[in-house]
Amino acid sequence: MLFVGGVALLLWMSDQADKEGKRATLTSDILWLEQNLRFHLTRNEELLGRIDLTHTASAKAFESFARTLFGSESGLRQLAWLDAEGQVRLAHPATMDPSLGGETMEVSPSRQSFRLAKSLGKPVYSPTYPFFTNDWQFEVHVPVSREGRIIGVAVGVYRIRDLLGDSVPWWLAERYRISVIGDSGKVLGTRSKVESAVTEEGYQVAFDPPGWGLALHAVPYHAPRPLASILLSASLVILATIVLWSLWILRRHVLRRQAVEEQLRQEHAFRKAMEDSLDTGMRARNLDGEIIYVNPAFCRMVGWSAAELIGRRPPMPYWADDYLDETRFLHDRVLAGQGPEEGFELKLKRRNGELIDVLIHEAPLIDAHGQHSGWMGSMVDITERKQAEERVRQQQDRLQSTARLVAMGEMASSIAHELNQPLAAISSYCTGAANLLRNDAPSTEVVPALDKAVEQARRAGQVIRRIYSLARHSEDRFELIRLGERIDAALALMDVDTRQKGIRVTLELQAQPLIEGDPVLLEQALFNLLRNAAESMRDTVPDRRQIDIRLACTDGYALLTIADRGCGIDASVADKLFDPLFTTKAEGMGMGLAICRSVVENHRGRLSFETNPGGGTVFHILLPLAPQ
Ligand code: ADP
């Protein structure tokens with residue numbers, strides 16, 4: 001605004017100065033003209049006053065005097081000589097013969113002016129009077145005296161238009177329209193060289209002599225402004241427009257920039273608030289492994305401030321001393337772009353030396369130009385989770401050992417359960433041997449019975465030891481075993497039983513898997529399952545009494561299936577089936593399945609059951625295959 005105001009003021013001032021200059025010139029010009037006219041008229045008065053009557057008495061001489069006067073650009077158009085009475089004695093020209101219509105006009109000088117001139121003895125000017133239609137005249141009456149007596153009056157007639165034409169120089173006429181104005185404001189004569197528009201402003205001075213309210217009026221022509229001034233003004237206006245336009249563009253640019261900056265500021269504040277409120281530590285590194293950014297959560301986790309960390313290169317101050325190699329290895333892998341995608345766990349060291357567990361995920365850092373400029377890592381403190389897991393594990397361990405201790409109590413009964421069968425066998429073998437001895441049977445018949453009794457006694461001893469070792473959670477006795485052979489051994493133990501109950505046993509060996517385990521315990525578990533299967537078919541019609549055993553391999557596991565066609569397992573008891581001491585049998589101890597599961601799980605396997613579609617139950621044992 002200031003600039004535009006300044007430019008406008010400058011233009012206005014230059015215009016004013018221009019006008020002022022013109023006005024001053026006009027004033028001085030018109031004053032000069034007025035002076036010139038006065039000089040003109042005064043000179044004519046003098047000339048008229050000096051009429052030499054000795055020469056002018058004759059009409060001829062008077063005419064030549066008049067011609068001399070007319071020829072000297074005096075503005076005079078007629079000359080007359082009046083005697084003391086006011087009679088026209090001589091006149092030249094005698095009549096006025098204006099070109100208009102060829103009319104003539106006699107000389108009739110103003111009587112009043114004559115009398116005044118005569119009485120005053122000084123030149124007197126008459127009022128203006130019209131001369132034909134568009135011309136005005138006035139007269140000057142100059143008294144002529146000889147030897148102190150007025151002998152007559154010389155009258156000069158001025159025609160205003162001709163007076164102006166004679167006395168206004170061409171250069172003035174070119175600049176102004178010069179008029180003589182009567183006291184009523186009427187224009188009595190005008191001198192103008194060019195016909196052109198005039199400005200309203202003019203300048204007026206009194207035209208005296210001749211007086212009578214006449215005035216000289218000059219109006220300057222509307223001169224075209226000089227090109228240089230126009231160019232200057234135009235260039236100023238153009239410059240101002242350009243400046244305004246560029247200011248407007250600048251303003252728009254600034255506004256847009258401000259809006260973008262505001263948006264950016266808000267976004268930055270939002271991101272900062274987000275980063276600050278994160279519990280996840282964020283750390284960015286450039287391609288050389290130098291830290292370029294850490295968020296507050298990261299600083300809180302490691303106990304080092306951002307200023308201390310930024311710019312650091314490996315080894316970082318928060319790397320745990322005992323895990324330096326591992327950390328360095330992972331660091332190098334990440335920088336090589338081979339960091340584990342699923343993230344990795346690591347131990348780090350706080351500033352106070354405390355160790356923390358963290359889970360780190362690394363992702364490539366892509367800059368605004370789409371260039372890979374480093375790595376951004378997110379770090380979650382999993383120390384508490386790890387500690388909780390450890391606590392749970394320890395608790396479970398304790399629980400397990402407590403359970404084992406509890407189971408020890410039950411162990412006695414389970415041992416009794418497991419020993420029932422060998423003891424019964426020993427008893428029957430010994431009874432048989434005793435009977436044979438009483439009947440004096442040869443030792444060849446007695447010895448095998450006793451051998452079998454010994455064999456059963458040894459087995460009973462083994463069972464006790466293994467169950468004990470199971471309770472002690474020992475894997476010491478694991479060896480490479482063929483599962484098929486264990487099934488055969490268990491079936492052999494069941495032999496008497498199945499035959500007695502008329503149960504058919506089918507064995508389908510689809511594979512011969514090798515597993516690592518304790519043969520006796522596995523045999524015992526299989527035996528328990530087979531015995532349960534046999535017992536479940538107590539009420540089954542003899543024709544349907546059948547146990548189907550199948551051994552196969554799937555996915556690194558040996559899968560053993562034992563299917564019976566017995567009474568099945570009620571859904572209401574399915575949950576408690578593996579609980580120690582749970583039984584539905586009057587003489588049962590409820591330890592068989594509990595022991596089976598312990599044995600299978602001790603071998604890192606799984607024991608499960610489902611309803612046999614053909615009636616009865618199917619038990620599945622999954623055991624991991626021995627490593628090749
Ligand atoms: P016990 O044989 O001494 O009862 P177990 O732990 O071996 O103890 O079995 C617990 C219970 O599970 C049994 O009482 C029986 O009701 C049920 N059970 C086990 N195996 C079978 C099976 N094959 N068919 C039906 N029920 C079964």
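Numbering of ligands and ligand atoms starts at 1, following listing order. Remember, it's a predicted structure, so these values are computed and weren't measured experimentally.
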> Taking the six-membered ring where the residue is Trp, are the ring centres of His603 and Phe478 under 6.0 Å apart?
Replying inline: yes

> Looking at side-chain heavy atoms only, is the closest gap between Leu526 and Arg486 below 4.5 Å?
Replying inline: yes

> Looking at Gln263, Glu262, His268, which hits side-chain hydrogen bond (donor to acceptor under 3.5 Å, both in side chains) with Gln266?
Replying inline: Glu262

>> Distance to the ring centre below 6.0 angstrom and angle to the axis at most 45 degrees; does that hold for Arg285 and Trp375?
In response: no

>> For a quick check: using heavy atoms under 4.0 Å, what are the residues in contact with ligand 1, sorted by chain and number?
In response: Asn532, Ala533, Ser536, Asp564, Cys567, Gly568, Ile569, Leu577, Phe582, Thr583, Thr584, Lys585, Gly588, Met589, Gly590, Met591, Gly592, Leu593, Thr617, Phe619

> Do any N or O atoms from the side chain of Arg504 and from the backbone of Asp543 form a donor-acceptor pair under 3.5 angstrom?
Replying inline: yes

> Is the closest basic N to carboxylate O distance between Glu267 and Lys272 below 4.0 Å?
Replying inline: no

